[in-house]
J.: 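One structure, pasted below without further comment.
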Amino acid sequence: MTLTICPCRQTAPTQLSYAQCCQPYVEGKAKAPSAEALMRSRYSAFAVSAIDYLFETVAPEQRHDMDRGSLESWSKESQWNGLDILATEGGQPGDKTGTVEFTAHFTRAGSKEAHHELSTFRFDDKAGCWFFVDGQKPKGKTVVKGAQVGRNDPCPCGSGKKFKKCCGAAA
């Protein structure tokens, strides 16, 4: 399969081709140097149906939970539309662990979908490579609208009273 643009949509500073980006990892010609590179290559492996690579890059103790048939079906029955890396922590050369928060975009059965996950990775010194350990749905983030008003601040309604004696008294 010849892909001009890498499925993971990596840019450095321009869009990289599959051959320049994830293909060397997926085909076993190189090892991903970071947790993010492994995440990107695993996404690309879904796009090119490289199921063996998906198995090989999962931590050995986690492989018993994998269902090859489900992975292969999901891979082949989906159109892979790109990957957004939202955050990374650790996972660089010299680190032992790392996390990558991402959203994987795909279309399946005509429906556009997005898979949002926080993945954990581990570097194995003996194997000399990164492994995917597990993934979970990220916790929601607290959203604060506007500035917080303190009890003794002037009430934002403009009454001239302290917040606690005005609109804050009803709260």
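Both backbone and side-chain heavy atoms feed into the values below; hydrogens, waters and symmetry mates do not.
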J.: Which heavy atom of Ala104 sits nearest to which heavy atom of Leu83, and what is that distance?
T.: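 So the two residues come closest at CA-CD1, 4.1 Å.
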J.: Shared ILVMFWY cluster between Phe131 and Phe123, side chains joined below 4.5 angstrom?
T.: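 Result: no, two separate clusters.
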J.: If you compare all heavy atoms of Thr107 against all heavy atoms of Gly110, which two are closest, and at what distance to 0.1 Å?
T.: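 So the minimum-distance heavy-atom pair works out to CG2-C, 3.9 Å.
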J.: Please, which pairs that meet salt bridge (charged side-chain N to carboxylate O under 4.0 Å, His left out) have at least one residue in residues 110-124, sequence neighbours excluded?
T.: Glu61-Arg122
J.: Can you tell me how far the CZ atom of Arg42 sits from the SG atom of Cys8, to the nearest 0.5 Å?
T.: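 So the CZ of Arg42 and the SG of Cys8 are separated by 14.0 Å.
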J.: Using modelled atom types and a 3.5 Å cut-off, is there a donor and acceptor pairing between side-chain atoms of Ser73 and backbone atoms of Ser70?
T.: no
J.: Between atom SG of Cys129 and atom CD of Glu56, what is the distance when rounded to the nearest 0.5 Å?
T.: 10.0 Å
J.: So, Asp134 versus Ser119: side-chain donor-acceptor pair below 3.5 Å or not?
T.: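 No.
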J.: Which residue pairs pass the salt bridge (charged side-chain N to carboxylate O under 4.0 Å, His left out) test when at least one of the two sits in residues 10-36, sequence neighbours left out?
T.: Glu27-Lys29, Glu36-Arg40
J.: Under a 4.5 Å cut-off applied to non-hydrogen side-chain atoms, are Leu86 and Phe102 in contact?
T.: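 No - every pair of side-chain heavy atoms lies 4.5 Å or more apart.
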J.: Which pair of non-hydrogen atoms, one from Pro24 and one from Cys21, has the smallest distance, and what is that distance?
T.: CD-O, 3.6 Å
J.: Suppose the criterion is ring-ring contact (aromatic ring centres under 6.0 Å, His included): which pairs have a residue in residues 58-79, not counting sequence neighbours?
T.: Phe46-Trp74, Trp74-Trp80, Trp74-Phe106
J.: Write down the atom of Val26, the atom of Ala50, and the distance for their closest heavy-atom approach.
T.: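 Shortest heavy-atom separation between Val26 and Ala50 comes out as CG1-CB, 3.5 Å.
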J.: What pairs of residues pass the salt bridge (charged side-chain N to carboxylate O under 4.0 Å, His left out) test when at least one of them lies in residues 5-23, not counting sequence neighbours?
T.: Arg9-Asp84
J.: Provide the closest heavy-atom pair for Leu54 versus Ala45 in the form atom of the first, atom of the second, distance.
T.: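 Shortest heavy-atom contact: CD2-CB, 3.8 Å.
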J.: Is there a side-chain contact between Tyr53 and Tyr25 in this structure, where contact means two heavy atoms from C-beta onward sitting under 4.5 Å apart?
T.: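 Answer yes - side chains close enough.
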J.: Can you pull out every side-chain hydrogen bond (donor to acceptor under 3.5 Å, both in side chains) where at least one residue sits in residues 89-100? Sequence neighbours excluded, please.
T.: Lys96-Asp125
J.: State, without any angle test, whether Tyr18 and Ser44 hold a side-chain donor-acceptor pair at a distance under 3.5 Å.
T.: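 Absent: no donor and acceptor within the cut-off.
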J.: Under a 4.5 Å side-chain heavy-atom rule over Ile, Leu, Val, Met, Phe, Trp and Tyr, are Trp130 and Val58 clustered together?
T.: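 Yes, because Trp130 and Val58 connect within a single hydrophobic cluster, where side-chain heavy atoms sit under 4.5 Å apart.
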J.: Is it true that Ser49 and Ser75 share a donor-acceptor pair across their side chains at a distance under 3.5 Å?
T.: yes
J.: Check for me, please, whether Ile85 and Phe132 land in the same ILVMFWY cluster - side-chain distances under 4.5 Å, paths through other members count.
T.: yes
J.: Using side-chain heavy atoms (C-beta onward) and a distance below 4.5 Å, is His115 in contact with Thr103?
T.: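 No, side chains not in contact.
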J.: Tell me whether the NZ or CZ atom of Arg63 lies within the 45° cone about the ring axis of Phe55 and under 6.0 Å from its centre.
T.: no
J.: Transitively linked via ILVMFWY side-chain contacts under 4.5 Å: Met66 with Phe121?
T.: yes
J.: If hydrophobic clusters are built from ILVMFWY residues whose side chains come within less than 4.5 Å, do Tyr43 and Val48 share one?
T.: yes
J.: Can you pull out every salt bridge (charged side-chain N to carboxylate O under 4.0 Å, His left out) where at least one residue sits in residues 67-76? Sequence neighbours excluded, please.
T.: Asp52-Arg68, Glu72-Lys76
J.: Any non-hydrogen side-chain atom of Ser17 less than 4.5 Å from a side-chain atom of Cys6?
T.: no
J.: Mind checking the CD-OG1 spacing from Gln15 to Thr4? Nearest 0.5 Å is all I need.
T.: 9.0 Å
J.: Rounded to the nearest 0.5 Å, how far does NE2 of His105 lie from CG of Asn81?
T.: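 Those atoms lie 8.5 Å apart.
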